[in-house]
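Below: one structure, written as structure tokens.
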Amino acid sequence: MFESIFTSTSENTISISQSMLGILVAVVIGLVIAFVYTLVSKKDGYNKSFIIGLALLPAIVASVILLVGSNVARAFSMAGAFALVRFRSAPGSAKDISVVFFAMATGLACGLGFVTFAGCFAVIILLVFVVLSVTGFGTRDAHRKQLRITIPENLNYMAVFDDIFDKYLSENVLRKVKTTNMGTMFELTYECRMKDESEQKQFIDELRVRNGNLNITMGMRPDSDGGYLN
């Protein structure tokens, strides 16, 4: 009876020992990936459901690969079934997407029977992941700020703040100009660096006098993933 669980109605069968070994190794690798991700992402925060998904993903992928085997018709059938599933979660960052592909790759290797390769691959990638996170690889300058200033349409935005910028900023670049409030105002976006961070209030106060006390926002420069570069 137990053997019949791993025997399909066709000629294809699944080896009990190989399948159990592949799924168990996939489960262990998934738990390790999820644990390492939580340690690395403590500072930025993480989603509990995403962590659970990471832990389960390698085993799920391994099971799918074991079921498909070398049957082309079965592979197309499963592809059609998975195409019906729609994920309504918010798009993740590039790091999150990379970790998901990493978990899928380890599950694929376990499903194909390459458990030793899957273990070595997981260890190497996790070590690289930890080293890059700990060393701050790719981190931008924390002193660079994004400055957004709203001005009325009658001000010449190309030179209106030059004297204030020279007084408080060591560098500044106008990145974007956008009309707002039905075209009656401009929103200017600068990338800048303060000479002295303690003078930020005086800097904003002088800008408010110049722009008629309209909106001014100053903070860390956002990255391409919608977060903020530290």
Side-chain angles (χ1 to χ4, degrees), residues 36-51 53-54 86-103 125 128-230:
V36 172
Y37 185 88
T38 57
L39 293 180
V40 172
S41 303
K42 274 187 176 180
K43 181 179 178 181
D44 300 328
Y46 51 83
N47 191 313
K48 180 181 177 181
S49 61
F50 180 74
I51 299 301
L54 275 183
R86 297 182 61 188
F87 297 93
R88 293 180 172 87
S89 58
S93 65
K95 181 182 72 173
D96 294 342
I97 295 173
S98 299
V99 173
V100 168
F101 274 107
F102 167 44
I125 298 299
V128 174
F129 183 39
V130 171
V131 170
L132 293 180
S133 300
V134 171
T135 58
F137 181 80
T139 303
R140 300 293 296 272
D141 189 355
H143 297 290
R144 285 189 176 273
K145 306 289 184 181
Q146 183 186 76
L147 175 65
R148 291 182 179 177
I149 307 174
T150 303
I151 64 172
E153 61 178 346
N154 60 339
L155 283 182
N156 179 12
Y157 58 80
M158 292 303 297
V160 65
F161 301 113
D162 284 356
D163 56 330
I164 302 177
F165 288 169
D166 291 339
K167 181 178 179 181
Y168 291 99
L169 302 180
S170 59
E171 59 180 272
N172 67 90
V173 179
L174 179 61
R175 293 297 187 188
K176 184 172 65 174
V177 178
K178 183 178 73 173
T179 59
T180 184
N181 198 24
M182 302 295 291
T184 60
M185 297 179 184
F186 289 106
E187 183 182 85
L188 313 178
T189 302
Y190 295 88
E191 184 179 331
C192 61
R193 184 200 299 266
M194 294 286 299
K195 292 180 180 178
D196 186 352
E197 293 289 339
S198 63
E199 296 181 339
Q200 183 170 318
K201 183 182 183 303
Q202 297 92 315
F203 173 56
I204 294 178
D205 286 341
E206 292 193 24
L207 292 177
R208 289 170 55 206
V209 173
R210 189 67 56 87
N211 79 332
N213 204 29
L214 295 175
N215 290 338
I216 297 176
T217 305
M218 189 172 189
M220 291 183 293
R221 188 172 69 84
D223 62 13
S224 58
D225 293 326
Y228 288 87
L229 296 174
N230 296 315

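Any value given below was found using the heavy atoms of this structure, including those in side chains, with hydrogens, waters and symmetry copies removed. Throughout, residue positions are numbered sequentially from 1 according to the sequence presented. Fair warning: this is a prediction, and the values are worked out from it, not measured in the lab.
Nearest heavy-atom pair, Glu206 versus Ile164, reported as atom, atom and distance to 0.1 Å: O-CD1, 3.6 Å. Minimum heavy-atom separation, Gly183 to Glu153: O-OE1, 3.4 Å.
Residues that satisfy the ring pair (Phe, Tyr, Trp, His ring centres under 6.0 Å) test with Phe203, not counting sequence neighbours, are Tyr168. The side chain to side chain contact (heavy atoms under 4.5 Å, CB included) check on Thr217 picks up Arg148, with sequence neighbours excluded. Taking the side-chain hydrogen bond (donor to acceptor under 3.5 Å, both in side chains) definition, one finds that Arg208 meets it with Asp205, Asn213, sequence neighbours left out. Every residue was checked against the ring pair (Phe, Tyr, Trp, His ring centres under 6.0 Å) condition with Phe101, not counting sequence neighbours, and none meets it. Every residue two or more places apart in sequence or in another chain was checked for a side-chain hydrogen bond (donor to acceptor under 3.5 Å, both in side chains) with Lys195, and none qualifies.
Side-chain atoms of Met185 and Thr179, non-hydrogen and from C-beta on, never get closer than 4.5 Å to each other. Residues Lys95 and Ser41 have side chains in contact (heavy-atom distance under 4.5 Å, counting atoms from C-beta outward). Phe102 is not listed as a side-chain neighbour of Ser98, based on a closest heavy-atom distance of 4.5 Å or more.
Side-chain atoms of Asp96 and Tyr37 form a donor-acceptor pair, as typed in the model, at a separation below 3.5 Å.
Once rounded to the nearest 0.5 Å, the distance linking NZ of Lys145 with CE of Met194 reads 9.0 Å. The structure places OG1 of Thr150 at 6.0 Å from CG of Leu214, a figure rounded to the nearest 0.5 Å. The distance from the OG1 atom of Thr38 to the NZ atom of Lys48 is 13.0 Å, given to the nearest 0.5 Å. Here the straight-line distance linking atom CZ of Arg175 with atom CD of Glu191 works out to 4.5 Å at 0.5 Å rounding.
Note on Lys176 versus Glu187: no salt bridge recorded, every NZ/NE/NH1/NH2 to OD/OE distance being 4.0 Å or above.
No donor-acceptor pair closer than 3.5 Å links the side chain of Arg210 to the backbone N or O of Phe161. For Asn211 (side chain) and Ile151 (main-chain N/O), no donor-acceptor pair under 3.5 Å exists by modelled atom type.
Of the residues listed (Leu188, Leu147, Thr189), the one engaging Leu174 in a side-chain contact (heavy atoms from CB on, under 4.5 Å) is Leu188, and it is the only one.
Residue pairs meeting the ring pair (Phe, Tyr, Trp, His ring centres under 6.0 Å) criterion with at least one partner in residues 171-192, sequence neighbours excluded, are Tyr157-Phe186, Phe165-Tyr190.
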